[in-house]
Amino acid sequence: MMQRFFTKAKLSLNTYRSFSSSQHVILDNPNHSQVLVEGNGCSRMAILNRPSALNALNTNMLATLHKFYRSWEDNPDIGFVMMKGSGRAFAAGGDIVALYHFINKGNMEACKEFFRTAYSFMYLIGTYLKPHVALLNGITMGGGAGVSIPGTFRVATDKTIFATPEVHIGFHPDAAASFYLSHLPGHLGEYLALTGEKLNGVEMVTCGLATHYSLSARLPLIEEQLGKLVTDDPSVIEATLEHYGDLVHPDSSSVLQRIEILDKCFCHDSVEEIVDAMENAASETKDAWCISTLNRLKEASPLSLKVALRSIREGTFQTLDQCLLREYRMTLQAIHGKISGDFCEGVRARVVDKDFAPKWDPPTLEKVSQDMVDQYFLPLSDSEPDLELPTKSREAFL
């Protein structure tokens, strides 16, 4: 059964507006080729267009999206907005290679601008006053999830691959991940955050990360039908998605079939206890999933594991804006590298040099002090501005 774990406020006025339909057009956007726009008068489709980089998001793309989305929200002739990616990805996340080079060149302001722009746009998506449809056909990771999951509808397909793999690059699940992962059933959120394991489209819709599922071959038809709608009524859009969607269930190999043992292992208060529980389970059962999960935990940055677990647990009791504000503070700690240089080391090992042999600092869980973890969650210094979100004019949904 498809689950909806974001309870959205009413998406538009009490009485839905009527619209005049117009002929389908491609909107000319010569200055922003990494974000293309299609429209038919009543809806707009934003297309992430960096296929050679798996649509990795950069500051320019995010700023462009923010500008478009604000103008579309203010336009009374536009009823709803959609987003998709070019090529084989929706969006693989933020452009971490660019961030890596910014840090190495000492350009911290460019890094901070990226995260401010990203988190601000994600907050806009999460508080958008018109229905939003994200077509998650392909790789959907990190920031790609952040610009889609807080929205109204998320359509997964047989090509969807979701993950929050940040602990394996010495970072923490951000881009609103501490909000939406903490709202998943049982301790699935902790599992995804600490292992970086992937979910497919069927698993996404089963656990609630996606609202609908369709075979990718059907997406052109779904886009065509959505493009014909003249409405801002989310129930009309939902009816179309339901009509052309597919009812699916996870197969026997899915992690969702192992929720009992997952909850038993990932319910603990500390990473050390979680690892011990997984070691005991792997030893007792010799189960391939237990062994694989244990290995994933041991490959991650020890500091990132502890920071990520606390972040997910805190997200359980926080609104979207509170999660994004906390994640921004955590992110600045990570990119400044004063506590640890794990972020740059992780990106180097996995994406730049690709030797897949990061030298984590500290190298073991035992050497990660409580003080190191606590520093990630402290308020910023007086000289460092906090993330500013328009919470007075755009209330965050629970």
Side-chain angles (χ1 to χ4, degrees), residues 1-7 136 140-142 145-146 149-150 154 156 160-168 172-213 248-282 284-285 287-298 300 304-320 322-323 327 397-398:
M1 174 180 288
M2 290 181 289
Q3 301 175 359
R4 192 76 39 79
F5 59 91
F6 289 111
T7 303
L136 310 179
T140 304
M141 297 184 183
I149 291 178
R154 291 89 62 195
T160 303
I161 302 172
F162 165 86
T164 52
E166 288 82 1
V167 294
H168 287 93
H172 52 273
D174 71 320
S178 68
F179 179 72
Y180 64 75
L181 290 181
S182 66
H183 289 72
L184 294 180
H187 294 279
L188 180 62
E190 287 96 328
Y191 163 80
L192 294 171
L194 299 186
T195 65
E197 283 288 10
K198 302 178 183 69
L199 295 182
N200 61 33
V202 174
E203 292 167 326
M204 282 191 77
V205 77
T206 302
C207 74
L209 285 170
T211 58
H212 297 82
Y213 180 90
V248 289
H249 303 281
D251 62 32
S252 59
S253 66
S254 171
V255 65
L256 301 182
Q257 304 289 4
R258 301 172 184 271
I259 286 295
E260 185 176 348
I261 189 170
L262 184 155
D263 283 349
K264 183 179 178 181
C265 292
F266 283 83
C267 69
H268 296 289
D269 293 333
S270 71
V271 177
E272 288 91 342
E273 289 174 301
I274 291 172
V275 172
D276 285 344
M278 284 307 313
E279 285 182 333
N280 291 334
E284 292 172 3
T285 65
D287 179 73
W289 177 83
C290 292
I291 295 170
S292 172
T293 300
L294 182 60
N295 289 336
R296 293 287 290 176
L297 289 168
K298 292 183 175 182
S304 292
L305 288 174
K306 290 196 173 187
V307 169
L309 180 61
R310 178 168 167 182
S311 179
I312 301 304
R313 295 279 165 83
E314 290 196 5
T316 306
F317 306 101
Q318 294 178 326
T319 56
L320 175 61
Q322 291 170 333
C323 286
E327 289 174 3
F397 303 114
L398 294 173

Worksheet entry | Point-to-point distance, once rounded to the nearest 0.5 Å, from CD1 of Ile312 to CG of Leu188 | 11.0 Å
Worksheet entry | Point-to-point distance, once rounded to the nearest 0.5 Å, from CG of Leu192 to CG of Leu184 | 6.5 Å
Discussion item. Are Met141 and Phe162 packed together at the side-chain level, in the sense that at least one heavy-atom pair is separated by less than 4.5 angstrom?
Written reply: no
Discussion item. Less than 4.5 Å apart, side chain to side chain, heavy atoms only: is that true for Cys207 and Leu199?
Written reply: yes
Worksheet, complete the sentence: Scanning both residues in full, the closest heavy-atom pair of Val167 with Ala193 reads CG1-O, 3.4 Å
Discussion item. We want to know whether Thr293 and Glu197 form a side-chain donor-acceptor pair, criterion being a heavy-atom distance below 3.5 angstrom.
Written reply: no
Practice prompt. Identify the two heavy atoms, one from Val307 and one from His172, that lie closest to each other, and give their separation to 0.1 Å.
Written response: CG1-CB, 4.2 Å
Fill in: Any Asn200 side-chain heavy atom under 4.5 Å of Tyr213 side chain
no
Worksheet item: Are Glu190 and Arg313 ion-paired here, with the side-chain N under 4.0 Å from a carboxylate O?
Response: yes
List the atom pairs, donor and acceptor, that lie under 3.5 Å between side-chain atoms in residues 260-267 and the rest of the protein, sequence neighbours left out.
{"residue": "Asp263", "atom": "OD1", "partner": "His187", "partner atom": "N", "Å": "2.8"}

Practice prompt. Can you measure from CE (Met204) to CG (Leu256) and round to the nearest 0.5 angstrom?
Written response: 11.5 Å
Fill in: Least distance between heavy atoms, Cys323 atom then Ser178 atom
CB-OG, 3.5 Å
Fill in: Any side-chain heavy-atom pair of Gln318 and Glu314 under 4.5 Å
yes
Worksheet item: Looking at CE of Met278 and NE2 of His268, how far apart are the two atoms once the value is rounded to the nearest 0.5 Å?
Response: 10.5 Å
Worksheet item: Could you walk me through whether Glu327 and Ser311 pass the side-chain hydrogen bond (donor to acceptor under 3.5 Å, both in side chains) check?
Response: CA-CA 8 Å; Glu327 289 174 3; Ser311 179; 5.1 Å; no
Fill in: Expected output: side-chain Ser254 to main-chain Pro250 donor-acceptor under 3.5 Å
no
Fill in: Leu309 side chain reached by Leu194 side chain, heavy atoms, under 4.5 Å
yes
Fill in: side chain to side chain contact (heavy atoms under 4.5 Å, CB included) assessment of Val248 paired with Val205
CA-CA 9 Å; Val248 289; Val205 77; 4.0 Å; yes
Response to the item:
All heavy atoms of Ala145 vs all of Tyr180, minimum pair found to be CB-OH, 3.2 Å
Discussion item. I'd like to check His249 versus Thr206 (side-chain heavy atoms, cut-off strictly below 4.5 Å). Are they in contact?
Written reply: no
Worksheet item: For Val271 and Leu305, which heavy atoms make the closest approach, and how far apart are they?
Response: CG2-O, 3.6 Å
Discussion item. What's the separation between atom NE2 in His183 and atom CG in Leu209, rounded to the nearest 0.5 Å?
Written reply: 12.0 Å
Discussion item. Between Arg154 (side chain only) and Gly208 (backbone N and O only), is there a donor and an acceptor less than 3.5 Å apart?
Written reply: yes
Worksheet item: Distance from Cys290 atom SG to Glu279 atom CD, nearest 0.5 Å?
Response: 11.5 Å
Discussion item. Closer than 3.5 angstrom, by distance alone: can the side chain of Thr160 be matched with the main-chain N or O of Gly201 as a donor-acceptor pair?
Written reply: no
Worksheet entry | Thr319 and Gln322 side chains, donor-acceptor separation under 3.5 Å | yes
Worksheet item: Shortest non-hydrogen contact from Lys198 to Glu203?
Response: O-OE1, 4.2 Å
